[in-house]
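Worksheet: one structure, shown below.
None of these values were measured; they are calculated from a predicted model. In what follows, chains are A, B, ... by sequence order, proteins preceding strands, each numbered from 1.
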2 protein chains.
Amino acid sequence: MLDARKRQVLFAIVQDYIQTAEPIGSRTIAKRHSLGVSPATIRNEMADLEELGFLAQPHTSAGRIPSDRGYRFYVDAMEVLPVLTAVEAEIVKRQLGSILRGQQMMLDALARLVSSLTNYTSIVIGPQPHQARLKLMQVIPLDENRAVLMLVLDTGMVANEVLTLPQGLAMYDLLAFCNYVNLNLAGTSLRKLKAMHFEAYAGQFHAGAQAVEQAMDSLIAGLSRSEGDRVVLGGATNIMNQPEFRDIAKLRAIMRVLDEHELVLRLVTSAPSTSASVSIGAENAIEALRDCSLITATYRLSGGQTGHISVLGPTRMEYARVIALLNYVTKLVSET
Amino acid sequence: MLDARKRQVLFAIVQDYIQTAEPIGSRTIAKRHSLGVSPATIRNEMADLEELGFLAQPHTSAGRIPSDRGYRFYVDAMEVLPVLTAVEAEIVKRQLGSILRGQQMMLDALARLVSSLTNYTSIVIGPQPHQARLKLMQVIPLDENRAVLMLVLDTGMVANEVLTLPQGLAMYDLLAFCNYVNLNLAGTSLRKLKAMHFEAYAGQFHAGAQAVEQAMDSLIAGLSRSEGDRVVLGGATNIMNQPEFRDIAKLRAIMRVLDEHELVLRLVTSAPSTSASVSIGAENAIEALRDCSLITATYRLSGGQTGHISVLGPTRMEYARVIALLNYVTKLVSET
DNA sequence: TGTTAGCACTCAGCACTGGCGAGTGCTAAC
DNA sequence: GTTAGCACTCGCCAGTGCTGAGTGCTAACA
């Protein structure tokens, strides 16, 4: 497709531009990379590469910058995936170890770790309760008319909610309902639970069926989103360090997208769950991310639940390093 | 302190500047507010006000803008606290109603609501488990060597964690430990629990005491921060709409502060918990918030737990409206 | 045929300029 | 005490010319 020298030139431009964020001229390449040819020759190659759509020129008398297509070629052609240095790997391993110990804060800490290591914005999606099943329901009375309702899944996920007993619903009614659920619904998948109507079950009690229905719905909704469906951002400010976003308008558009967690969720989870998938510039469906690249990696917990870790940066992104890092992190997380 | 006309002039400038974000000249005031005097007179008053430190002049031939002190005077002097219009109140009431129904998502939704109503950035701090006591501990086996540990407080707060049984610790040991805790520690305050060492209790079992200790610590830490200590931001992008922050450097400094949840927590909780407290510009301890004002209101749940809702904006902030709104919102939240 | 040196050309960025308009402070008259 | 008039200040803006980086083209060379 591209002869060896064109490739060399393209790669040189991509690499230099990733570092400097400034258009690269022919002389610069000739000096920094020893290709053994003069700037004039490189100019010819650059003109060809531009015609082929791999490079672009911000204005007539400027150097070249890679186009989306140029980055894509670069990413696809990174033949051997780069590996982290031993030092970096050690750092990640140590920090990740202490994060994985406690379960609660995991997502926050993970997002923070990834963003601090990459200097980009990170997005972490909690593990999706894939095929989780109901283990047990529990009612814990707090006082005469308040009780904690709790649902436990076989994955260990728990949702709880305080219910204030409405008129006409006694505590033992609630306990009976709980027994009923445990006898009949243990082992039901979360997906089925979602579709279920509890008013019918609860209806055997004189009143308060609606309140119970509401509480159950809320619990189940909580379960499916308590950890999974949960979007956590890390280092959102990092995006501001990039010179391409010193324009407030662009920045605002991006931040607005990041604020929309449902949108982010769809964006990240739509990535193919191969090792690390990269979407560059306009490949992102979202208009505001036209100048961004998103690298997404998937982790898979022992329980079969999957989640995602993404890094969002400018199209001028350190692809190699970030991909290596994400692969390593997801590998470690998956092993836990 | 200030004669009536000086006050009028000062208020006119504050109000106009809040709206326009541009220095206000004497002619503008004479036209927009009918003070019955000519621009020249107003100029004299303005010169006096500047000398007194209530106004400042960005440059010689510009109008005046309020200083921190000017805002402070304005806020303190807002004699009768403004009330929301019936329409606004209705909107808040309706939206808040649906938020308060479910407990889980409350903080997120609340932050979103407040920021969308004010067009500033909002900060919500979850209810602090003030004097909560341990109601019950529970162990729910998932399979041969995994179990969910759960602590329930009398406020209805729940923390849970999956424990993988280490070598030498049997499930019934864990259940026995749980019984032991329930018999001896029910009713213990969260504060005391925090200081407690469980290794001693767990030590009666041959092994795994350390793992249990670790899990308990993590649970208790989770309890005290699961809801309380939780900082949720809403509409962080709103701050970018303010013309005073189109300078990226300032913006970045502010966002960096907002990213540091511990810092935000300290900042917000250090406010006196009177109705709504306002700290203006340099009154904020944090350097980066030199150009911001923070309005904080406190809510108090029936269980005695307290939390905070804050709004962060430029010093040129719609104090009256935001204060009224926060007072109303916290009142509604407190009643639930 | 591919490579290279030389040269004219382009264009963003920067510093400088002068005009404009908003707004002030001062003075003198009311 | 208030006001009109006026000179003065200064940020903003558009226009101008210069500089330097980088290109494309052409002609010469291996």
- Task: Please tell me which of A:Ser61 and B:His59 maps to the more 5' nucleotide of DNA chain D, matching each residue to the nucleotide holding its nearest heavy atom.
- Result: B:His59
- Item | Contact check, side chains of B:Arg64 and B:Leu49, non-hydrogen atoms, under 4.5 Å | no
- Take the protein atom CD of A:Glu45 and the nucleotide atom C1' of D:dT23, then report the distance between them rounded to whole Å. 16 Å
- Task: Verify side chain to side chain contact (heavy atoms under 4.5 Å, CB included) between B:Val114 and B:Leu326, making sure each step is shown before the conclusion.
- Result: CA-CA 8 Å; B:Val114 172; B:Leu326 280 189; 4.2 Å; yes
- A:Ala40 side-chain proximity, nearest of C:dA5, C:dG25, D:dC10: C:dA5
- Message: What is the separation between atom CG on A:Leu35 and atom C1' on C:dT4, rounded to the nearest whole Å?
- Response: 15 Å
- Please state how far atom CD1 in B:Ile42 lies from atom P in D:dT3, giving the value in whole angstrom units. 9 Å
- Message: Of the options C:dG25, D:dC10, C:dA5, whose atoms approach the side-chain atoms of A:Ser38 most closely?
- Response: C:dA5
- Do B:Arg43 side-chain and C:dG25 base share a donor-acceptor contact under 3.5 Å? yes
- Message: Side-chain N or O of B:Arg64 versus OP1/OP2 of C:dT24: is the shortest distance under 4.0 Å?
- Response: yes
- Query: Per the ring pair (Phe, Tyr, Trp, His ring centres under 6.0 Å) rule, which among A:Tyr17, A:Tyr71, A:Tyr74 passes with A:Phe11?
  - Reply: A:Tyr74
- For B:Asn44 and C:dT24, give me the distance from atom CG to atom P, rounded to whole Å. 11 Å
- Is there a side-chain polar atom (N or O) of B:Thr41 under 4.0 Å from OP1 or OP2 of D:dT3? yes
- Round to a whole Å and report the spacing from CD of A:Glu22 to C1' of C:dA12. 12 Å
- Determine: side-chain N/O of B:Ser26 to OP1/OP2 of C:dT24, distance under 4.0 Å, yes or no. yes
- Message: Measure CD/A:Glu50 against P/D:dG22 and give the value in whole Å, please.
- Response: 15 Å
- Does D:dC8 pair with anything, Watson-Crick or G-U wobble, both distances under 3.5 Å, and if so, with which nucleotide? C:dG23
- Any side-chain heavy atom of B:Ile123 within less than 4.5 Å of one from B:Leu258? yes
- Task: Calculate the interatomic distance between A:Ile13 atom CD1 and D:dG22 atom P; express it in whole Å.
- Result: 12 Å
- Task: Kindly point out which of D:dT3, C:dT24, C:dG23 is positioned nearest to the side chain of B:Gln57?
- Result: C:dT24
- Query: So, is B:Arg5 close to the D:dT2 phosphate, meaning a side-chain N or O under 4.0 Å from OP1 or OP2?
  - Reply: yes
- Query: Would you say the side chain of B:Ile254 lies within less than 4.5 Å of the side chain of B:Leu312, judging by non-hydrogen atoms?
  - Reply: yes
- With distance as the sole criterion, do the side chain of B:Thr60 and the base of D:dT9 form a donor-acceptor contact below 3.5 Å? no
- Using whole Å, report how far CD1 of A:Ile65 lies from C1' of D:dA21. 16 Å
- As its Watson-Crick or G-U partner within any shown strand, both distances under 3.5 Å, C:dG18 has D:dC13
- Counting heavy atoms from C-beta on, name the nucleotide in D:dT3, D:dG24, C:dC11 closest to the side chain of B:Val37. D:dT3
- Message: Classify the ring geometry of A:Phe54 against A:Phe73: parallel below 30°, tilted from 30° to 60°, perpendicular beyond 60°.
- Response: perpendicular
